[in-house]
Number of protein chains: 2
Amino acid sequence: MNVAYIARGETLGSKPSNMTELLRQNILNHITLSDEELESFCNLFNQKEVRKKNFLIREGEICKFEGFVTKGLFRVYHVDNNGFEQVLYFAQESWWITDIDSFTTEKPSCLYIQALEDSEVLLISKKDKDFAYNNIPKIEKLFRIMTQKTHIALQRRMIDNLSKTADQRYIDFIEKYPTLFQRLTNVQIAAYLGISHEFLSKIRRKIASK
Amino acid sequence: MNVAYIARGETLGSKPSNMTELLRQNILNHITLSDEELESFCNLFNQKEVRKKNFLIREGEICKFEGFVTKGLFRVYHVDNNGFEQVLYFAQESWWITDIDSFTTEKPSCLYIQALEDSEVLLISKKDKDFAYNNIPKIEKLFRIMTQKTHIALQRRMIDNLSKTADQRYIDFIEKYPTLFQRLTNVQIAAYLGISHEFLSKIRRKIASK
DNA sequence: ACAAAACATTGAACAAGTTCAATAAATGAA
DNA sequence: TTCATTTATTGAACTTGTTCAATGTTTTGT
């Protein structure tokens, strides 16, 4: 495995383990891998710093990476025809980020991924991910399981959006993501809940007065 | 592979190919498999008839299968606290159905899956699917790719629900699923769009008068 | 420390979507 | 064929959420 790794022109030797420690933990939460497999997979990632307000991708670009957040916070969002922003999801430490649509189809993205704080991510390219799929069979299982989990979460959110009132969705959000909640402005939360930030402000007043 | 297959107590010999023809096509649309792999995977499925209005699963039950529709039409829906139904998706011929949440976690489902027409499905149990994962490596890739695709579709729907008006979502639905549309009542379509059927009726009048 | 920008709140007028009740049309079961 | 059930339409009153504009507060960059 290491031979293939070196042959692909990457730097020789492992990255400092503190850089990929969170990633290793995250992977082992989903599947079991030998030290060698873990090592060679983690070595396919490159660290990148993204300062607050900077973009990992913008609409129209092709998403060439899949990322794992090791520090900071991102928002993945869409801008509609009227210029309004809808947040698909937030990603803090130990969350994965990509536009899976653009990444897999290699077509231009209709999403923006922006850092809301000074952040750090580990990025893997499509080429290296395909390499991992072909050479470390369990990686196929890893992403099958992870995609399943994010899909389940999105299904639940879809049902909630269809069945619950904005008040309830806001209360649920705080309960479900209590620490993330504290790192977000009301503008961002409103864009996630699918309401105007003015209306969120009125919801907050109503809740506070109880 | 056939030995393992027989050892698991299934009927000997392949099912008539007309029964699994649609399934075979669907699989080969996603990955390439040898005839033997295809054969042994398809043999893990059992056909089931479901008459109109009957349920494949109900809320509270544990979803023990993943299904592939060969004939007819299903709706997968949730019933909220006020008794309103939200349709997560419809599944006609060549679509897959399951409550992936309940199926993977083995916890009670919060969904109903009901036949809207006299239907037929090919079902695979969790045990047999795990068997396939462990013995036919490409099956892992198959479901990784399929889950990715359904996830991408759901992401798009999520964005549309957050950014578009009900009128536009209805027009989009007709354009995207022109044949499915003709098999559904307005009550079902409204439950998918997340609006009351009365309001859908008013949207239809408005559109017709143009 | 200061100016500029972003963020949060509020009210009033408005638009989108619901609820309820009444009626008509289509479908289904015996 | 007939009766019951489901489906579709419509109007009026209502609720939820938006829009716009004004005001004050907090953050940020330099």
Side-chain angles (χ1 to χ4, degrees), chain A residues 50-55 72-73 75 77 79-87 90 112 114-119 160-174 181-210, chain B residues 51-54 72-73 75 77 79-87 90 114-118 160-174 181-210:
Chain A
V50 188
R51 315 273 330 223
K52 183 170 177 171
K53 294 194 183 175
N54 284 0
F55 291 88
L73 175 60
R75 63 171 177 148
Y77 67 101
V79 180
D80 70 22
N81 296 332
N82 304 314
F84 289 98
E85 299 176 355
Q86 292 88 35
V87 170
F90 300 105
Y112 295 81
Q114 186 190 37
L116 293 174
E117 302 173 359
D118 291 343
S119 302
D160 284 352
N161 265 285
L162 291 173
S163 64
K164 291 180 178 172
T165 174
D167 302 42
Q168 195 55 53
R169 298 206 306 276
Y170 177 65
I171 293 167
D172 289 354
F173 183 83
I174 296 174
F181 161 72
Q182 298 172 49
R183 296 164 79 172
L184 295 168
T185 65
N186 290 338
V187 172
Q188 297 307 329
I189 295 172
Y192 179 89
L193 298 177
I195 57 177
S196 67
H197 68 275
E198 293 97 329
F199 188 56
L200 177 54
S201 186
K202 286 160 195 171
I203 289 174
R204 285 161 53 78
R205 178 178 42 169
K206 203 171 77 180
I207 290 172
S209 75
K210 280 179 185 170
Chain B
R51 314 279 323 229
K52 183 170 177 172
K53 296 193 182 174
N54 283 1
L73 175 59
R75 63 170 176 147
Y77 67 102
V79 180
D80 70 21
N81 297 332
N82 304 314
F84 290 100
E85 299 176 355
Q86 291 89 36
V87 170
F90 300 106
Q114 185 190 36
L116 292 175
E117 303 173 359
D118 290 343
D160 285 353
N161 267 285
L162 290 173
S163 64
K164 292 181 177 169
T165 173
D167 302 41
Q168 195 55 54
R169 298 206 306 275
Y170 177 65
I171 294 168
D172 289 354
F173 184 82
I174 296 173
F181 161 72
Q182 296 172 49
R183 297 163 79 173
L184 295 169
T185 65
N186 290 339
V187 172
Q188 297 307 329
I189 296 172
Y192 179 88
L193 298 177
I195 57 177
S196 66
H197 68 275
E198 293 97 330
F199 189 56
L200 177 54
S201 187
K202 286 160 196 171
I203 288 174
R204 285 162 53 80
R205 178 178 44 170
K206 205 172 76 180
I207 291 173
S209 75
K210 279 180 186 168

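What you are looking at is a predicted structure, and each value in this text was computed from that prediction instead of being measured.
Nearest-nucleotide positions on DNA chain C place B:Ile195 closer to the 5' end than the other of B:Ile195 and B:Lys52. Comparing B:His197 and B:Lys53 by the nucleotide of DNA chain D that holds the closest heavy atom to each, the one mapping nearer the 5' end is B:Lys53.
Using a 4.0 Å heavy-atom cutoff across all strands shown, A:Thr185 reaches sugar-phosphate atoms only and no base atom. At the heavy-atom level, B:Lys206 lies nowhere under 4.0 Å from the strands shown. Among the atoms of the strands shown, only primed sugar atoms or phosphate atoms (P, OP1, OP2) are found under 4.0 Å from some heavy atom of A:Asp167.
In this structure, the CD atom of B:Glu85 is 12 Å from the P atom of D:dT6, given to the nearest Å. Going from atom CD of B:Glu198 over to atom P of C:dT23 covers 16 Å, rounded to whole Å. Distance, A:Leu184 CG to C:dA8 C1': 15 Å, rounded to whole Å. As a whole-Å value, the separation of B:Gln168 CD from C:dA16 P is 13 Å. When rounded to the nearest whole Å, the span between CZ of B:Phe199 and P of D:dG11 equals 15 Å. Between the CG atom of A:Leu200 and the P atom of D:dG17 there is a distance of 11 Å, given to the nearest Å. Between the P atom of D:dA8 and the CD1 atom of B:Ile207 lies a distance of 15 Å, rounded to the nearest Å. One can place CG of B:Asn82 at 11 Å from P of C:dC20, the figure rounded to the nearest angstrom.
The side chain of A:Arg204 contributes no N or O atom lying less than 4.0 Å from OP1 or OP2 of C:dA8. For the OP1/OP2 pair of C:dG11 and a distance below 4.0 Å, the side-chain nitrogens and oxygens of A:Ser201 include no atom meeting the criterion. At least one side-chain nitrogen or oxygen of B:Arg205 sits closer than 4.0 Å to the OP1 or OP2 atom of D:dG11. One finds no side-chain N or O of B:Ser196 lying less than 4.0 angstrom from the OP1 or OP2 phosphate oxygen of C:dC20. Within the 4.0 Å cut-off from OP1 or OP2 of D:dT6, not a single side-chain nitrogen or oxygen of B:Asn186 is found.
Counting only N and O atoms by type, the side chains of A:Tyr192 and A:Arg75 include no donor and acceptor under 3.5 Å apart.
Side chains of B:Leu162 and A:Asn161 form a contact here, defined as non-hydrogen atoms less than 4.5 Å apart. Contact of the B:Phe173 side chain with the B:Leu184 side chain is registered, since non-hydrogen atoms from C-beta on lie closer than 4.5 Å. When side chains are defined from C-beta on, A:Ile195 does not count as touching A:Tyr170, because their heavy atoms never get closer than 4.5 Å.
Candidate nucleotides C:dT9, D:dG17, D:dA8 were compared by shortest atom distance to the side chain of A:Ala166, and D:dG17 ranks first. Taking the side chain of A:Val187 as heavy atoms from C-beta on, and the options C:dA16, C:dC7, D:dG17, the nearest nucleotide is C:dC7. With C:dG17, C:dT19, D:dT19 as the choices, the nucleotide that has an atom nearest any side-chain atom of A:Phe84 turns out to be D:dT19.
Judged by distance alone with a 3.5 Å cut-off, a donor-acceptor contact links the side chain of B:Lys202 to the base of C:dT19.
Using the six-membered ring where Trp is involved, A:Tyr77 and A:Phe55 have ring planes that are tilted, between 30° and 60° apart.
Between A:His197 and A:Asn186, the shortest heavy-atom distance links the atoms CB-O, 4.4 Å.
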